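Notes for the one structure printed next.
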Amino acid sequence: MKPEVMVQDLSYRYDDGEEKALDGVSFEVYPGEFLGVVGPNKAGKSTLCQALVGLVPHFFHGNMDGRVVAGGIDTRETTVDELSKTVGLVFQNPFTQVTGAKLTVYEEIAFGLENIGLPRDEITRRVDEMIALFGLEHVRHHNPFELSGGQMQRMAIASIMALRPRIVALDEPTSQLDPQGSAEVFQAVAALRNQGLTVIMAEQKVEKIARYADRVLLMHKGKVAACDRPEVVFSRDNLLDLGIRPPAYTSVARELDLRRPDGTLPVTLDDAVALLRNSSVNS
Amino acid sequence: MRTISLYVEKESFIHGLDPVTKLWLTASLLIIPFIVGNIESTLVCLGINLALLSVARVIRRIFSILAMSLVLIITLFIIQGMFYGGNRTEAFALGSLVFYREGLRYATLLTLRFFNIISASMVLILTTRPSDLIESLVRRGLSPRIGYVLASVLQIIPMMISNTSTIMDAQRSRGMETEGRLVTRMKAYLPLMAPLVMSSLVATQERAMALEVRAFGARNPKTFLHEEIISRHALPIRVLTSLGLVAAVIWRVIL
Amino acid sequence: MRVRVENVRFHYRLGEPVLKGVTLDFEGEATAIIGQNGAGKSTLVRLINGLLKPVSGEVRVGDWNTGDFSVARLARRVGLVFQNPNDQVFKSVVRDEVMFGPKNLGMSGDTALASSREALADVGLEGAMDANPYDLSLAERKLVSIASVVAMNTDVVIFDEPTIAQDYAGVQRIGTLIEKLKARGKLIIAITHDMDFVAEIFPRAVVLRRGEVIIDGSTREVFSRPDLLRDSFVEPPHATQLGQALGLSETVLSVDEAVKGIKGHRSRLGGLAGSDTAHDQQFFQ
């Protein structure tokens, strides 16, 4: 299969940075795949997200080597607005993603579509579709700043999705939300999956990543420390040295030496419970 | 959500006019009295403005603004009535204070002009959403970036202001005195302003990125979500106001 | 120091009660305040440090009734770390930022510096004394804001979402810091959404919902009521969820407890039922 995203030997240094934010990063993501990106703060997760949508190198004036090809487009050879139709990015802070210039949720979601100059009837069709998909019907006429954090972040996702990208990156979209908001956003992310999109999501909550991701990219100090199935990545025994903890289920299984048939440890609740039940039957 | 706006939502013929026609109307009614220069023209324009405000059912709002300026106006009458350079004819005297006709007439002209400026501006301001006005101007060639800045400032400034109370709370919680002498309160000012400015700078960069990934930098012609509705009264109004302006200029040049 | 909240009612706007008669007694043990946004958590802690005064009822910090003292005065006893460090941080050098509170409380320059240095070391930022806080990341700025309150050395320390934006190392550091404050006899109260953190650090948890206390008890008791927590969109810690899914009789709060619980469960089954797998399966379901 042809990869949807190809990152090849990508290095980047912000112009005010002392160290490289990204250092020789290479990986591929396949169509429809969900790639979780984990790693401690400053590991390069945000920079990587910015590189996928062309903000690196077009918005920041740093030093970029290597290349990023998203949906067949080399990000260096196009513009951020051109790329927005292929790859979208949802940021961490729900507030600063609100344009501030629009008075309703409806208008806010339409903002990007106005910018790319779509015909008016196409805009209204897509905005209505997004409002339904992300459960924003009851707030469609509300001022964007009046929404709860979870609603605001769903609106941000809807605004990006309205541009119909094939790939969506999300940079820790739940880190500033309460449990309800965070649950709402994860539901919205599940909706993206069901739409067949390629999703790349940076996230600190390892249990969530273990549950949603097909593969996990583990970053450390700007480099790729691992890129594999969640069971493989989270079964590594040096995770704490790399600045992340394994899912709690994995830690329990390690202590009990409870392994899946392929030798890896379980990473989700369901998987751990199933293994424990089997093992108790066999013991 | 508060935005910086005096817009009053009502249904009226004036509300239904497009912002640019209203801008044209306001500007003309504001300028004509200055071109013609006499009290009569000012009275006529003021009358038209007040009529427009009452048609828009927002005239009450203007009374409070005019009432607030009462002190200013009384001072104007006293000063001009007594000390206007062209004072010749005595009008009346209160004890030893003599008021002159010329001065009082000049004060009347100034007052009417002031009323006219206020009411003309209010025709536009009270009946037009700022965002609609900005959008109309962008349609007519104002840079979308400038339009964006104007529109977002109207919403983001009130949000920054509402954030100041949280910042103030954070500093008081660290033992900062904010009550009492003026010096104490002045000293409390920096701990308030610095986080306000710094966090808006941080927010500005993040917001700029968020705009870029929603194709704000696209160079193709933008679509406007809402169709611009130009009411059938717009053309006659623009023609009439233009004629008014031309007439005023002719009057000025010939007479 | 003891903090007593007695039958406190509070509203910002008449007819929209935020706290509807809350009574809580804090003494000794560290307490986590849990609940959805809008449940009244931030209002509660602002009542304790005197930023807000109760509409009715009273709040006592030691022998002080908060109604009788200014916020600046109460700051000698209660420190509050705000959720968003950007609302708090204003100096251009980290050292000055952290010394601001201690100096306001009247500490001498030397004492304030020593206290600030220690607090910064506790959050792992001893090397950032001369940095500009706005050159640091958001997570680091949060650590600076924590240090700047801890340096005030108050008897009561309140945290609003201490672990927000932190990675694993940051969470560990804050956990260690809170343990240290506990050992020094400080009264700790924290609002948090991070349940793994609650289970690890806090022996007591209070759940607020729509201005009322719905559970107040040991963290173990609170997490053994997933039914009550669900309404607040609170998921128990992951280890607890595993224990509950397996039907362990005791509520477990950590990975270690889960491991012990499962081992105990197995041996008990082994002893009781031998190889009676039917029984065994029933037990684990």
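This structure is a prediction, so every number in the text was calculated from the model and none was measured. To find a chain, count down the sequence lines: A is the first, B the second, and so on, and within it residues start at 1.
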Output a table of donor-acceptor pairs, distance under 3.5 Å, between side-chain atoms of residues 60-74 of chain A and any protein atom two or more places apart or on a different chain; print 'none' if there are none.
{"unit_1": "A/R67", "atom_1": "NE", "unit_2": "A/Q8", "atom_2": "OE1", "d": "2.9"}
{"unit_1": "A/D74", "atom_1": "OD1", "unit_2": "A/R76", "atom_2": "N", "d": "3.0"}

Worksheet, complete the sentence: Value for OG1 (A/T96) from CD1 (B/I156), rounded to nearest 0.5 Å, stands at 10.0 Å
Discussion item. How long is the straight-line distance from CZ of A/F95 back to CD of B/E206, given to the nearest 0.5 Å?
Written reply: 12.0 Å
Worksheet item: Would you say the side-chain atoms of B/R214 pair up with the backbone N or O of A/F111, donor to acceptor, closer than 3.5 Å?
Response: no
Worksheet item: Under 3.5 Å, side chain of A/R120 to main-chain N/O of B/L225, donor-acceptor pair present?
Response: yes
Fill in: Best-contacting candidate, A/L118, A/T124, A/V127, A/L163, against chain B by heavy atom pairs under 4.5 angstrom
A/L118
Fill in: CG (B/L201) with more than 12 external heavy atoms under 6.0 Å
yes
Discussion item. Are there over 12 heavy-atom neighbours, none belonging to A/E137, within less than 6.0 Å of that residue's CD?
Written reply: yes
Practice prompt. Please answer whether the main-chain N or O of A/K102 pairs with a side-chain N or O of B/Q155 as donor and acceptor at a distance below 3.5 Å.
Written response: yes
Worksheet item: If we only count heavy atoms from C-beta on, is the B/T223 to A/L113 side-chain gap below 4.5 Å?
Response: no
Response to the item:
Ranking B/A210, B/P144, B/A215 by heavy-atom pairs under 4.5 Å to chain A gives rank one to B/A215
Item to complete: Return the minimal non-hydrogen interatomic distance between B/A151 and A/A101, and the atom names on each side.
Response: CB-CB, 3.8 Å
Worksheet entry | Test item: B/R207 and A/T99 side chains (from C-beta on) under 4.5 Å apart, heavy atoms | no
Practice prompt. Check whether any side-chain N or O of B/N220 sits under 3.5 Å from a backbone N or O of A/N115 as a donor-acceptor pair, and report yes or no.
Written response: yes
Worksheet item: Counting only N and O atoms by type, is there a donor-acceptor contact under 3.5 Å from the side chain of B/Y148 to the main-chain atoms of A/G100?
Response: no
Worksheet item: More than 12 non-hydrogen atoms from neighbouring residues, nucleotides or ligands closer than 6.0 Å to CZ on B/R61, yes or no?
Response: no
Worksheet, complete the sentence: With chain B, the option among A/Q50, A/Q97, A/E108, A/Q92 that has the most non-hydrogen atom pairs under 4.5 Å is A/E108
Worksheet entry | Closest non-hydrogen atom pair between B/E212 and A/L55, with its separation | CB-CD2, 4.0 Å
Return all side-chain donor-acceptor pairs below 3.5 angstrom for residues 80-91 of chain A, not counting sequence neighbours, or 'none' if the list is empty.
{"unit_1": "A/D81", "atom_1": "OD1", "unit_2": "A/T79", "atom_2": "OG1", "d": "3.3"}
{"unit_1": "A/S84", "atom_1": "OG", "unit_2": "A/D81", "atom_2": "O", "d": "2.6"}

Worksheet item: For B/R140, does the CZ atom sit with more than 12 other heavy atoms under 6.0 Å from it, leaving out its own atoms?
Response: yes
Worksheet item: When only pairs under 4.5 Å are counted, which of A/I123, A/V53, A/I116, A/N93 shares the most heavy-atom pairs with chain B?
Response: A/I116
